[in-house]
Amino acid sequence: MQVPYFRPSITQADIDQVVAVLRSGWLTTGPRCRAFETAFAAAVGAPHAVALGSCTAALHLSLEAVGVRPGDLVLVPALTFAATAEVVVALGATPVFVDVDPSTLCMDADALAATVDALRHGRPATGLAPPHGPLRAVVPVHYGGVVADVAGLRRVAAGHGLAMVEDCAHAFPAEWRDGPDAPWRAAGDGADVACFSFYANKTITTGEGGMATTARGELADRIRTMSLHGMSHDAYRRYEGGGEWDYEVLAAGYKYNMTDLAAALGLAQLARAAEMRERRRALAQRYTEALSGVEELELPAEPPDRRSSWHLFAVRCRSGRDALIERLRQQGVGTSVHWRPLPMQPYYRDRFGLRSETFPVAAREWQRLVSLPLFPDMTEAEQAYVVRELRSALASPNPS
Ligand SMILES: *Cc1c(COP(=O)(O)O)cnc(C)c1O
């Protein structure tokens, strides 16, 4: 048997929606993008949403919109995907890495407070020597779909006038609350801007795509303008419905818009988001039951006051992670690792002179991480096969 790490869930309805766009005469940003923005904004309870070409584009434009400029400092977790930090570099700013919480693997609020304090007082912080530019923003990541300690992180950010842009690439749909009596809130609610991903293996997909949501209309306007060459009107508004031919270029922007082809798939996937999440939840529960007695593994948990999207099922091995991945590969089981910490990647390590000892939790935990296959259309037989091969690999770690 072969079990891939991920297989996208595509229905006939998804296909029909995309084909309808192909027949409609309008392929790029237009009515489906507008409809997708409206529906997604409603799903996360945000007043504004801007559909974009990727979550990376959303992060880039969000940081630009909240005022990140060359020389600024932006705080990002040490354990994240390349996109979270590369957009900081793209704006001429400096990423400052913050260690993660050992239980959730999300940015640790105490580590954030300590880092900000050191930077404020001109002391070296997380490997970065003074002099430092101004501190501008924090970009937490909701690892695997469990929302970070948003309340704790926001207290630190608000105390120092920092903007909060949340990397919600894993966190749709996901909820959190600030204690058992507080109301549930969607991931990203209350951030200056929240950025979602519809990459092929995310919880809903448009092939490639992303969304920026915000309660601040001026940020939504800036993101929209910058997503299309800094132009005052997009092509749909110029050519359809008696629009004007003329436009103004208000800034040197980017080409980060979503197509209507992608948005049509997004609308169809959004309609199934809750159902697909229930499937992932059931699979995660089954993994938990089947693997809870396995001493060599630590399993991911859903902390109190969190409802995970279950984007990942990332287990931690007590030892022998690399051998386990290789053994599973030989048996036809795909896995992934999220991620080698960015301060340990050659570019960040060499450019900023970073050392892994500065990020003890990320440096220790990443070596134990392996993400198991988890996708809505995974069959019971596929999951049983993964569990059996995993148990067998752990029982005899060194086959002849
Ligand atoms: C996937 C991912 C991104 C980038 O999303 P794209 O839509 O591919 O640009 C950003 N951050 C994290 C944490 C991700 O996992």
Side-chain angles (χ1 to χ4, degrees), residues 50 52-78 80-98 107 112 115-141 153 156-167 169 191-195 210 212 214 216 218-232 248-257 341-343 345-355 358-359:
V50 184
L52 298 161
S54 66
C55 179
T56 307
L59 290 164
H60 191 178
L61 297 182
S62 299
L63 290 175
E64 198 276 341
V66 300
V68 172
R69 297 294 175 261
D72 288 355
L73 302 181
V74 177
L75 297 128
V76 303
T80 186
F81 183 60
T84 320
E86 79 199 18
V87 296
V88 176
V89 175
L91 289 165
T94 299
V96 180
F97 295 102
V98 177
M107 184 189 279
L112 175 66
T115 304
V116 168
D117 190 59
L119 291 166
R120 287 263 143 164
H121 293 94
R123 296 198 304 271
T126 58
L128 211 62
H132 305 301
L135 272 164
R136 198 66 70 190
V138 187
V139 190
V141 174
L153 295 169
V156 180
H160 294 277
L162 306 178
M164 183 84 114
V165 171
E166 290 182 28
D167 181 337
D192 289 293
V193 191
C195 302
T214 178
R216 296 174 55 189
E218 79 281 11
L219 295 182
D221 289 345
R222 177 70 181 180
I223 291 167
R224 192 180 297 285
T225 299
M226 293 303 278
S227 75
L228 248 179
H229 309 297
M231 285 159 57
S232 55
E248 291 178 298
V249 174
L250 304 170
Y254 303 89
K255 187 71 194 325
Y256 275 169
N257 54 310
L342 289 183
Q345 290 287 5
Y347 173 81
Y348 293 100
R349 182 192 62 206
D350 298 344
R351 172 153 176 198
F352 300 106
L354 303 178
R355 291 148 44 92
T358 313
F359 312 94

query = If you measure from CG on Leu52 to OG on Ser227, what distance do you get to the nearest 0.5 Å?
reply = 5.5 Å
query = What do the steps show when you test Arg224 against Leu61 for side-chain contact (heavy atoms from CB on, under 4.5 Å), and what is the final call?
reply = CA-CA 9 Å; Arg224 192 180 297 285; Leu61 297 182; over 6 Å; no
key: For Thr225, side chain to side chain contact (heavy atoms under 4.5 Å, CB included) partners two or more places apart   = Leu250
remark   = Hits for side chain to side chain contact (heavy atoms under 4.5 Å, CB included) against Arg222, two or more places apart or cross-chain, chain-then-number order -> Glu64, Ala65, Met226, Ala251
inquiry  = Going by the rule side chain to side chain donor-acceptor pair (under 3.5 Å), which residues pair with Arg351 if we only count those two or more places apart in sequence or in a different chain?
reply    = Tyr347
query = Can you find a pair of side-chain heavy atoms, one from Asp72 and one from Pro134, that are under 4.5 Å apart?
reply = yes
task = Given side-chain contact (heavy atoms from CB on, under 4.5 Å), test Val138 with Met107 step by step and report yes or no.
result = CA-CA 10 Å; Val138 187; Met107 184 189 279; 3.7 Å; yes
inquiry  = Is it the case that atom CZ in Arg69 sees more than 12 heavy atoms from other parts of the structure closer than 6.0 Å?
reply    = yes
ask   = Are the side chain of His132 and the backbone of His121 linked by a donor-acceptor contact shorter than 3.5 Å?
value = no
request  = Would you mind telling me which of Val66, Val156, Val193, Asp192 makes a side-chain contact (heavy atoms from CB on, under 4.5 Å) with Met164?
outcome  = Asp192
Residues 83-94, side-chain donor-acceptor partners within the protein, below 3.5 Å, at least two apart:
unit_1: Thr84; atom_1: OG1; unit_2: Thr80; atom_2: OG1; d: 2.7
unit_1: Thr84; atom_1: OG1; unit_2: Phe81; atom_2: O; d: 3.3
unit_1: Thr84; atom_1: OG1; unit_2: Asp167; atom_2: OD2; d: 3.0

pair Val139-Leu63: side-chain heavy atoms closer than 4.5 Å = yes
Sequence-distant partners of Tyr254, side chain to side chain donor-acceptor pair (under 3.5 Å), two or more places apart = His60
inquiry  = Checking Leu135 now: which residues fulfil side chain to side chain contact (heavy atoms under 4.5 Å, CB included) with it, not counting sequence neighbours?
reply    = Leu73, Leu75, Val116, Leu119, Arg120, Leu162
inquiry  = Looking at Glu218, I want to see if its CD is surrounded by more than 12 non-hydrogen atoms of other residues, nucleotides or ligands under 6.0 Å.
reply    = yes
request  = Could you tell me if the ring centre of Phe352 sits under 6.0 Å from that of Phe97?
outcome  = no
